[in-house]
Novice: 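This is the structure I want to talk about, given as structure tokens.
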Number of protein chains: 2
Amino acid sequence: MRGFERSLPMALMRARESVMSHFRPILAEHDLTEQQWRVLRALSANDQPCSAGHIAEQTYLLGPSLSRMLTSMEDRDLITRTASSDDARRSDIAISRAGTRLVNEIAPRSEAVYQRISDALSASELDQLYDLLERTADIGEAQS
Amino acid sequence: MRGFERSLPMALMRARESVMSHFRPILAEHDLTEQQWRVLRALSANDQPCSAGHIAEQTYLLGPSLSRMLTSMEDRDLITRTASSDDARRSDIAISRAGTRLVNEIAPRSEAVYQRISDALSASELDQLYDLLERTADIGEAQS
DNA sequence: TATTGTTATACTCTATAACTATA
DNA sequence: TATAGTTATAGAGTATAACAATA
């Protein structure tokens, strides 16, 4: 079998761990888990409020996990949930003003981490990395 | 702030999730968690028995998590633990014959997943991906 | 009858601290 | 006194199934 260094999931994990190890302390300062941050980022990227299902897809969280997280994030006033007008099963979820403030507070520290990455990888290499990662993510999308 | 598509941790996660989504069912068939598989892979890559600390480093698992996992994997006869001769605090951990058999059973299915990746990425692109991932993993290694 | 989201439940892993044995 | 590993404990996320409300 391929060596451990030639395991793509491990290589992806190592890279992610390395980046996140610089970022996790920042999140911890603000009492955010990685997963909560993913939700906040997803919501702040969307200009439109969206459904729980949509967030689950974007963030790779399961429905039940997300459901509990949304409750606690609503309690912390980081997000808002309002009944959807056209489908009463859904609720429109959006980032709150406080949530946006938190994202803006963290953003510059995040950029500092990206600065470190930019020291190691040129702009075109970073582009290339994103491209290769996207194409890896698309494997098996056509079939099944 | 950068869009969600331009988040490197998310791009890494998407790629990893995509690969693992093809692989997780195979592990589930053999009652292995992702983390247990990481330990098995690490041990099967090492020809020498090694310490728990070394495995923890290689697999990105915390000591306490690994400790419990090793106990259950020893109960399942997937690994062996023998007292180290030169340092009584350590134990030498190695993959068992049954563990090796399990790895060999899973290996061809793993290769099938790599075949899919090879359909999407050329050999040189895959090399390039590994290189970029490794350089990303090395950020901040020099300082601190 | 299918879908959206929540609740229930069991299990695994994370994370930190405290502890034991050894160096 | 420091290190390797285990145990203790609390908490968060994963995963599946069951359920409610709505479509």
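Chain identifiers are assigned alphabetically (A, B, ...) following the order of the sequence lines, protein sequences preceding nucleic acid strands; residue numbering begins at 1 within each chain.
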Novice: Please report, rounded to the nearest Å, how far the C1' atom of D/dT6 is from the CG atom of B/L61.
Specialist: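 Rounded to the whole Å, the gap is 16 Å.
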Novice: Specify the residue among A/S65 and B/R68 whose closest nucleotide of DNA chain D lies further upstream toward the 5′ end.
Specialist: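 Residue closer to the 5' terminus by nearest nucleotide: B/R68.
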Novice: Taking 4.0 Å as the cut-off, does a side-chain nitrogen or oxygen of B/R38 come that near to OP1 or OP2 on C/dT12?
Specialist: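 Answer no for this pair, as no side-chain N or O of B/R38 is under 4.0 Å from OP1 or OP2.
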Novice: Would A/R2 and B/S110 count as having a side-chain donor-acceptor pair, cut-off 3.5 Å?
Specialist: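 A/R2 vs B/S110: donor-acceptor pair found between side chains.
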Novice: If the cut-off is 4.0 Å, is A/T71 near the phosphate of C/dT6, judged by side-chain N/O to OP1 or OP2?
Specialist: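 Checking C/dT6 against A/T71, no side-chain N or O comes under 4.0 Å of OP1 or OP2.
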Novice: Please report the distance, rounded to the nearest Å, between CG in B/D87 and C1' in D/dA2.
Specialist: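 Whole-Å distance recorded here is 12 Å.
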Novice: Measure from the side-chain heavy atoms of A/A88 and tell me the nearest of C/dG5, C/dA15, D/dA23.
Specialist: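 Out of C/dG5, C/dA15, D/dA23, the nucleotide with an atom closest to A/A88's side chain is D/dA23.
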Novice: Find out whether B/E5 and A/Y130 are in side-chain contact, i.e. whether some heavy atom of one side chain is under 4.5 Å from a heavy atom of the other.
Specialist: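 A side-chain contact under 4.5 Å is absent here.
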Novice: For B/E17 and D/dG13, what is the distance between atoms CD and P respectively, to the nearest whole Å?
Specialist: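 So the CD-P distance, B/E17 to D/dG13, works out to 15 Å.
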Novice: Provide, to the nearest angstrom, the distance between the CG atom belonging to B/L66 and the P atom belonging to C/dT12.
Specialist: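 In whole Å, C/dT12 P and B/L66 CG are 15 Å from each other.
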Novice: If you assign each of A/R90 and B/Y60 to its closest nucleotide in DNA chain C, which residue comes earlier from the 5' end?
Specialist: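 Between the two, 5'-proximity favours A/R90.
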Novice: Whole-Å distance between D/dG13 C1' and B/L62 CG?
Specialist: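 Whole-Å distance recorded here is 15 Å.
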Novice: Answer yes or no: is there a donor N or O on one side and an acceptor on the other, between the side chain of B/R41 and the main chain of A/G3, under 3.5 Å?
Specialist: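 Yes: the side chain of B/R41 pairs with the backbone of A/G3.
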Novice: Quick one: closest heavy-atom pair of B/R135 and A/A120, and the distance?
Specialist: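 B/R135 and A/A120 have their closest heavy atoms at NH2-O, 3.1 Å.
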Novice: Assess whether one donor atom and one acceptor atom, taken from the side chain of B/R89 and the base of D/dT3, lie less than 3.5 Å apart.
Specialist: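 Pair found.
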Novice: Nearest whole angstrom, please: distance from the C1' of D/dA15 to the CD of B/E34.
Specialist: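 Rounded to the whole Å, the gap is 13 Å.
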Novice: Any non-hydrogen side-chain atom of A/V113 less than 4.5 Å from a side-chain atom of B/L8?
Specialist: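 No. Closest side-chain heavy atoms not under 4.5 Å.
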Novice: Ignoring the backbone of B/A52, work out which of C/dT6, D/dT6, C/dC13 is nearest its side chain.
Specialist: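 Selected nucleotide: D/dT6.
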Novice: Write down the distance between CG (A/D92) and C1' (C/dG5), rounded to a whole number of angstrom.
Specialist: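 Taking CG of A/D92 and C1' of C/dG5, I get 14 Å after rounding.
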Novice: Between atom CD in A/Q35 and atom P in D/dA15, what is the gap in whole Å?
Specialist: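 In whole Å, D/dA15 P lies 12 Å from A/Q35 CD.
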